[in-house]
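Here's the structure, in structure tokens; my notes come after.
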Amino acid sequence: MYDVSIVMPAIRTPNWDRMYDSIEKSCKKFSFELVMCGPFPLTEKLEKLENVRMIIDNGSPSRCAQIAALSAKGRLLAHLVDDAIFVEDSLDQCIVLYNAVCGKKDVINLRYTEALNFSPNPMHPRYWYAWHHAPLMLPGVPKDYKIACHHLIDLEYFKELGGYDCSYEYQNFNLHDLMFRVQSDGGTLYDSPNDVTNCDWHPNGIVDHKAIEDAYVANDEPLFKTMYSNPNILKERNSIPLDNWKNTDAIWSRRFSKGVPKNYNEILKNN
């Protein structure tokens, strides 16, 4: 048992060692494990660590995140991403806040920045509200609801809700969906005291983002629009099957149409 399980779908092996070093500086007061899921094995450094696990899977990012979460051993679940550098002491501050103000159904929004080369430019405060984003302005989304793409949540409560809906291929709309179900169930989202991570950013499909953007257009946004155009969706759908990831393809064809790559450089080559 750990205080927190940090889970993420993961492909960006060149960043993993640096990312882990930043996690250690971010979480000094509490015990943590890092659970990643994706197509590549751990780096030489990480494979020696008892609190780091890699689950090999070639499915979509949503499927990988759900698999990682279901193998977590922590009291709390922190969902984050592998193109990030953690801010020193930030996870400690979030866990302290969680312990002080959160009940079982409450969540800490792990605020982050997203800019080229991990630039730490804070988001506008309204960014963390659903109706700040045009694709979320739908009849099924209450106007006062918040978002938390990266979040700190009670692991058992996460499981009660069914976690991430893996019919969404990429993790964006299903993160919103989970947080809307939390709030509909009576939970409150609290913003983290400071930014927790500085994330890299690759617009217009460059580097490794083509599959992500293709999934957004072809599947995820249309699915979300259909689902949340129903004004009663959150009354009808609070929890989902926890094993819903089993209904997804074992190989994410949108990323691996040319076969499962041997390493991250092949992903960049095939992007």
Side-chain angles (χ1 to χ4, degrees), residues 9 60-63 65-66 79-81 83-84 102 105-116 119 121-153 157-158 161-192 195-206 209-240 244 248 254:
S60 71
S62 293
R63 171 185 163 112
Q66 186 81 339
H79 173 277
L80 292 143
V81 292
D83 59 345
C102 288
K105 295 182 178 182
D106 301 326
V107 174
I108 301 296
N109 167 30
L110 303 179
R111 293 186 296 154
Y112 60 90
T113 67
E114 189 174 32
L116 190 63
S119 179
N121 299 318
M123 302 292 192
H124 189 280
R126 291 301 303 174
Y127 181 88
W128 309 111
Y129 286 84
W131 274 60
H132 180 77
H133 306 272
L136 305 184
M137 296 177 182
L138 294 170
V141 181
K143 292 183 179 180
D144 62 338
Y145 271 22
K146 299 186 70 174
I147 64 172
C149 290
H150 302 165
H151 41 259
L152 186 67
I153 185 172
Y157 182 56
F158 171 90
L161 293 179
Y164 309 120
D165 184 344
C166 298
S167 58
Y168 295 93
E169 296 177 32
Y170 185 63
Q171 287 219 279
N172 181 346
F173 288 106
N174 65 357
L175 302 173
H176 300 323
D177 170 66
L178 175 59
M179 291 300 109
F180 296 161
R181 287 186 281 127
V182 165
Q183 290 167 96
S184 177
D185 195 39
T188 298
L189 270 58
Y190 296 96
D191 288 338
S192 59
D195 291 324
V196 175
T197 58
N198 302 135
C199 299
D200 207 2
W201 182 59
H202 302 303
N204 303 317
I206 63 171
H209 272 222
K210 186 178 187 304
I212 293 169
E213 295 186 13
D214 288 348
Y216 183 104
V217 173
N219 182 76
D220 294 358
E221 184 179 28
L223 176 60
F224 184 84
K225 186 174 182 180
T226 297
M227 188 177 291
Y228 277 88
S229 289
N230 174 3
N232 297 313
I233 185 64
L234 290 171
K235 296 177 182 178
E236 302 169 357
R237 181 181 178 275
N238 180 252
S239 63
I240 62 175
N244 76 86
T248 66
R254 211 178 295 279

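One N or O on the side chain of Q183 and one on the backbone of K146 form a donor-acceptor pair closer than 3.5 Å. Looking only at distances, a side-chain donor or acceptor of R111 sits under 3.5 Å from a matching main-chain atom of S192. Of the possible donor and acceptor atoms, none in the side chain of Y157 sits under 3.5 Å from a partner among the backbone N and O of D106. In terms of modelled atom types and a separation under 3.5 Å, the side chain of E221 and the main chain of F173 share no donor-acceptor contact.
Taking the six-membered ring where the residue is Trp, Y127 and H133 present perpendicular rings, their angle passing 60° and hence far from 30°.
One finds the CZ atom of R63 at 12.5 Å from the CD atom of E169 (value rounded to the nearest 0.5 Å). Note: M123 CE to D195 CG = 8.5 Å, rounded to the nearest 0.5 Å. Taking CG from N172 and CG from D177, the interatomic distance works out to 11.5 Å, rounded to the nearest 0.5 Å. We find the SG-CG distance between C199 and D83 to be 5.5 Å, quoted to the nearest 0.5 Å. The CG atom of D214 sits 12.5 Å away from atom NE2 of H209, with the distance rounded to the nearest 0.5 Å. Going from atom CD of Q171 over to atom CG of D220 covers 10.0 Å, rounded to the nearest 0.5 Å.
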Q. For R181 and D185, what are the C-alpha separation, side-chain angles and deciding distance, and is it a salt bridge (Lys or Arg N to Asp or Glu O under 4.0 Å)?
A. CA-CA 6 Å; R181 287 186 281 127; D185 195 39; over 6 Å; no

Q: Test side chain to side chain donor-acceptor pair (under 3.5 Å) on T113 and N121 and set out the steps.
A: CA-CA 6 Å; T113 67; N121 299 318; over 6 Å; no

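Counting heavy-atom neighbours within 6.0 Å of Y129 OH, excluding the residue itself, gives a total of 12 or less. In W201, the CH2 atom is not crowded: 12 or fewer heavy atoms of neighbouring residues, nucleotides or ligands sit closer than 6.0 Å.
Residues T197 and A84 share a closest heavy-atom pair of CB-CB, 3.9 Å. Among all heavy-atom pairs drawn from C166 and S62, the shortest one is SG-O, 3.5 Å. The shortest heavy-atom contact between A130 and I147 is CA-CG2, 3.8 Å. Contact record, L223 with S167: CD2-OG, 3.5 Å, taken as the closest heavy-atom pair. Looking at every heavy atom in both residues, N219 comes nearest to P222 through O-CD, 3.4 Å. Residues V182 and L161 come closest through the heavy atom pair CG2-CD1, 3.5 Å.
Between W128 and Y112, the distance separating the two ring centers is shorter than 6.0 angstrom. Note: Y228 and F180 meet the aromatic proximity criterion, with ring centroids under 6.0 Å apart.
Taking 4.5 Å as the limit, some side-chain heavy atom of D165 sits within range of a side-chain heavy atom of R237. Using a 4.5 Å heavy-atom cutoff, the side chains of F224 and Y168 are in contact. No side-chain heavy atom of W131 sits less than 4.5 Å from a side-chain heavy atom of D144. No side-chain heavy atom of S119 sits less than 4.5 Å from a side-chain heavy atom of E114. When side chains are defined from C-beta on, V196 does not count as touching H150, because their heavy atoms never get closer than 4.5 Å.
Residues passing the ring pair (Phe, Tyr, Trp, His ring centres under 6.0 Å) test with Y164 are H79, H151, F158, sequence neighbours excluded.
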